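The structure appears below as structure tokens.
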Amino acid sequence: MQPNKLLKPGLYSEGSSDRDGATVRLKGGRCRCGYVFFPMQTYGCERCGSHGDALTPCELPANGTLLAEATVHLHADKNRPAPFTIVKVALDDGPVIRTLLADDSAPVVPGQRVTGRLAPVGQGESGETVLDLRFSIAP
Amino acid sequence: MTRSLNELRPVYVVGIGWHRYQNPSETPYVELGLTAIRSALADARIEWPAVESSYVATALLGMASGRPMLRHLGATGAPLMHVENASASGSTAFRHACIEVASGISDVALAVGVDKRNPVRRSDTGIGHLAEDAVVPFTHFALLTNEYAVRHNASAEDIARVAVKNHHNGAKNPNAQRQQERTLDEVLGGKRVSGSLTALQCTPIGEGAAAVIVASEDGIRRLGIDAGRAIRTTASVGRSERVYPPGAGFDAALTKETADLALAQAKLAPKDIDIIELHDAFTVEELHYIESIGLCPEGHGVRMLKEGALDIGGQCAINPSGGLIAMGHPIGPTGIGQIGEIVMQLRGEAGPRQHGGARTGLAHMVGVGAVCYVHILQK
Ligand SMILES: [Zn+2]
């Protein structure tokens, strides 16, 4: 079996596997002032302006509460054929992220607990499975 | 010590003009812009050499598009600068034209917005993203629509009524891109775009131009401009997004703080405003922003809409021009066109769109990034 390949390894890493597949850790950051952000960057803190050593990487569990969802019916970019559903999620650690709902997820409504997983989205050049982050209702 | 605009010398809008907002066409931008500027000069009854400084708002024309347009008015050598601030480009150009006149550096300045619908290009920040390529503006606002609907128990029909009102207003505006009345069924039955948003609840893609001329009292006297048709700018505020508390939507929070500062600057309360031109690129925005400006408590916007309080002739006419949904949103011109509409209304020259007795108007724009601009004009 070919190993899996992550679509955006700069943004997340594969965690331990459980019954529902591989869990995922988001590569966020924390500032000395306490502000938690995603993704990690070293340019400077949006809240206080500190930079450099003040900002340290911080793994964020992909667990949160759904703020909103929208199913996109029209999308110009042929690489993302519509329909697909975008979710806006407040992570438990603070940052609000927007990404895709898993194709096989049940419909979601704001207020629900959701969790991110790595889902197969295609095949790489050497036949490996490419995984990307997708959210669905928390088990 | 710093001062706000209304603590400097008074500045007035003395001329307004448009090239109609329209579907993308072969018309060069130079023709669009010149039409708007010549119409503003004619409205002010002044000649081009009287304009001492020009601010050209454009987001999509590329570098240095102003001079190839302005030279056809007669190259006077007056300074010109270009302003790009996303959807708020025109509002920002207007603010700086007002500041230049209010400060005493010039007596007469032009703010002109012109755009063609060229592709939007944004530079890479070097920071990765999960799926932002899939979250185009209408999906950003489809998400906000979902949040608003759930939080305030508003239906898709409730929110779509914003479009019915604004298409109704636009149908009476000869400068509007969309000049057709639409029923609630037509709005809801149209092509679905994202979430519950349908095509008629989204601003159309288009082109056009808008121009306003601002002047000091010295300029008005010297040039013999009709002071009775001059409308004073009594507040100008620009802000950009901060870090807001968890759960607070930045769109509404940024509008609230900008509008609060503008109202304080003009020493007015929300109830004193007769007309508002605001950034209704998508229906839900109008509800968010009237609540942020303080016309009603959060979640009460639908009630005002259904009661007709936001209609022309209602308590406060919102987007009497038709707004971005019907008048259109060619980007560079939009914020300047809002000022023109308010001036027309406060002069009592808005014809079939006239909101009776209008004395105070507020113009609001947001731009991705995010920035927010609010101006208040008073008779
Ligand atoms: Zn910080």
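Predicted, not measured: the structure shown is a model, and the values here were computed from it. We name chains A, B, ... by the order of the sequence lines, and we start the count at 1 in each one.
Results of the side-chain contact (heavy atoms from CB on, under 4.5 Å) test with B/Ser194 over A/Leu74, A/Ile86, A/Val72 single out A/Val72 as the only residue that passes.
B/Asn153 CG: 12 or fewer foreign heavy atoms inside a 6.0 Å radius. Heavy atoms from other residues, nucleotides or ligands lying under 6.0 Å from CG of B/Asp133 number more than 12. Enclosure of atom NE2 in A/His51 is not indicated, since only 12 or fewer non-hydrogen atoms of other residues, nucleotides or ligands lie within 6.0 angstrom. Few gaps surround CZ on B/Arg117; more than 12 heavy atoms of other groups in view lie less than 6.0 Å from it. Heavy atoms of other residues, nucleotides or ligands lying less than 6.0 angstrom from NZ of A/Lys27 number more than 12. At most 12 non-hydrogen atoms from other residues, nucleotides or ligands lie less than 6.0 angstrom from NZ of B/Lys256.
In this structure the side chain of A/Leu133 reaches within 4.5 angstrom of the side chain of B/Leu130, judged on heavy atoms. In this structure, A/Gln41 and B/Thr125 have side chains that are not in contact, with every pair of non-hydrogen atoms separated by 4.5 Å or more. Side-chain contact between A/Lys8 and B/His129 is present, with at least one heavy-atom pair separated by less than 4.5 Å.
Checking A/Arg98 against B/His140 by side-chain atom types alone, a donor-acceptor pair falls below 3.5 Å.
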Report task. Go through the steps for B/Asn146 and A/Glu69 under the test side chain to side chain contact (heavy atoms under 4.5 Å, CB included), then give the verdict. Result -> CA-CA 7 Å; B/Asn146 178 239; A/Glu69 58 82 22; 3.8 Å; yes
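In terms of non-hydrogen atom pairs under 4.5 Å with chain A, the most contact-rich of B/Leu197, B/Ile127, B/Val150, B/Val193 is B/Val193. Interface check for chain A: of the options B/Ala131, B/Gly126, B/Ala134, the most heavy-atom pairs under 4.5 Å are formed by B/Ala134. Options B/Leu144, B/Val135, B/Thr145 differ in how many heavy-atom pairs under 4.5 Å they form with chain A, and the most are formed by B/Val135.
Within the model, atoms OG1 of B/Thr139 and CZ of A/Phe84 stand 6.0 Å from one another, a figure rounded to the nearest 0.5 Å. Between the CD atom of B/Glu132 and the CD1 atom of A/Ile97 there is a distance of 10.0 Å, given to the nearest 0.5 Å. With rounding to the nearest 0.5 angstrom, the NE2 atom of A/His75 is 7.5 Å from the CZ atom of B/Phe138.
We find that B/Arg242 and A/Glu46 are not joined by a salt bridge, their nearest charged nitrogen and carboxylate oxygen being 4.0 Å or further apart.
The minimum heavy-atom distance linking A/Ala70 with B/Leu143 is given by the pair N-CD2, 3.7 Å.
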